[in-house]
Number of protein chains: 2
Amino acid sequence: MKRILAPINAETKRRRIAEFERRCREAGIPMTDQRRIVVEAVLDMHCHPTADQVYASSQVRRARISRATVYRSLESLVMLGVITKACHPGDVVRYDARLEPHHHLVCLECGEVVDIADPSITMTRLPDMSVFGFEVRDCRMQLRGVCRRCRRKEKKR
Amino acid sequence: MKRILAPINAETKRRRIAEFERRCREAGIPMTDQRRIVVEAVLDMHCHPTADQVYASSQVRRARISRATVYRSLESLVMLGVITKACHPGDVVRYDARLEPHHHLVCLECGEVVDIADPSITMTRLPDMSVFGFEVRDCRMQLRGVCRRCRRKEKKR
DNA sequence: GATTAGTTGAGACAAAATCTCAACCGTAAT
DNA sequence: ATTACGGTTGAGATTTTGTCTCAACTAATC
């Protein structure tokens, strides 16, 4: 059963930040204010922010964190597996705070990206690229097309 | 049955160029030498070239085609549906001359992208994002992991 | 509190992509 | 074949996106 994923709630956010701190300790990476603020910002911004959008977020602006640090923090978050990177044609790199297996509906008109779950296509159903000596660590599906709003606009024309 | 896709052969290349010319005429887009050379270059370069690699290709260099024109031509090829754009995290935009439904095995170590066919996941099996008012036009799967060569290197360490 | 190794900020730098505009060229009508 | 027109091209400036450098700073550990 396919479904659109709900936004990340406060409880989940707390858990994710704690998880981040744990992974930092495990990896021997110092936990700085800057990194903490960047994680919070990403989790607060529902829906795939770009690095620049994170940089422009109120939290990050208020703390006067530099652009370089935002890029570096985001990269370390990816390294630690706290967030993932997503990239769709014609768009810049975006960060995705969602970790559970999910896929992206990308609108070719307006660029909007919607998270969907489709348990029928997950890691468990994609075991065997080992035929090619390839070890699959992640599977993402891009469904590209036109969203409801843009279809309505097209019809009017 | 999953399989790695074979390179585009000469016969297919001819057909694809003819197809491109037909679509240009239909869309009322003038057929220039530059565009013709760019299509040929892309079809000759097996495996997902970047705009810059196309710009650097022998055909394009020989014809002294400008960088701007290469970018513009590639974009018009995408518009006409002659090639597609692909983008994987941590990498620049790449162009994909393959039109048949297929997916990408992306190596997280070396960045190599391999085309694979998996008929069990195609348009025909993905009908129903219409629940969300979304009209699916294309479906791409990214399988990210580590390729055989990089796994061997990792083991040695 | 001292030590150490990793982090930060500011701005320079690099890479990727787009824009500008005058000159040019394909196309189709004549 | 000629002409008129609109789209295309090239060169280089510009913008956008991301990385690098290095001195000053700070988290973590003892």
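Every chain is numbered from 1, with letters handed out A, B, ... down the list of sequences.
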**Report entry** Length of the OH-C1' vector between A:Y55 and C:dG11, whole Å
**Finding:** 11 Å
Report task. Please work out whether the ring planes of B:H104 and B:H48 are parallel, tilted or perpendicular, with thresholds of 30° and 60°. Result -> perpendicular
Report task. Any chance you could measure B:R152, atom CZ, to B:R149, atom CZ, to the nearest 0.5 Å? Result -> 9.5 Å
Query raised in the report: What residues in residues 59-72 of chain B put a non-hydrogen atom under 4.0 Å from any atom of DNA chain C?
Result: B:A68, B:Y71, B:R72
Report task. Ignoring hydrogens and angles, tell me if any N or O in the side chain of B:R16 forms a donor-acceptor pair with the backbone of B:A97 under 3.5 Å. Result -> yes
**Report entry** Sub-2.5 Å SG contact, A:C87 and B:C87
**Finding:** yes
Requested in this report: Please report, rounded to the nearest Å, how far the P atom of D:dT17 is from the OH atom of A:Y95.
Outcome: 13 Å
Query raised in the report: Heavy-atom contacts under 4.0 Å between residues 20-39 of chain A and DNA chain C, which residues?
Result: A:I29, A:P30, A:T32, A:Q34, A:R35
Query - Inter-residue atom distance A:Q53.CD - A:R94.CZ, 0.5 Å rounding - result: 5.5 Å
Query raised in the report: Between A:Q53 (CD) and D:dG18 (P), how many Å, whole number?
Result: 11 Å
Query - Atom pair distance, as rounded to whole Å: CE in A:M79 and C1' in C:dG6 - result: 17 Å
**Report entry** Check: B:G81 main-chain N/O paired with B:R23 side-chain donor or acceptor under 3.5 Å
**Finding:** yes
Query raised in the report: Roughly how many Å is it from CG in B:L80 to P in D:dT8, rounded to a whole number?
Result: 10 Å
Query raised in the report: Does A:Y55 have A:R61 sitting over its ring (NZ/CZ under 6.0 Å from centre, angle to axis within 45°)?
Result: yes
Query raised in the report: Who are the side-chain hydrogen bond (donor to acceptor under 3.5 Å, both in side chains) partners of B:Q59, not counting sequence neighbours?
Result: B:D44
**Report entry** Between P of C:dG6 and CD of A:E75, the distance in whole Å
**Finding:** 18 Å
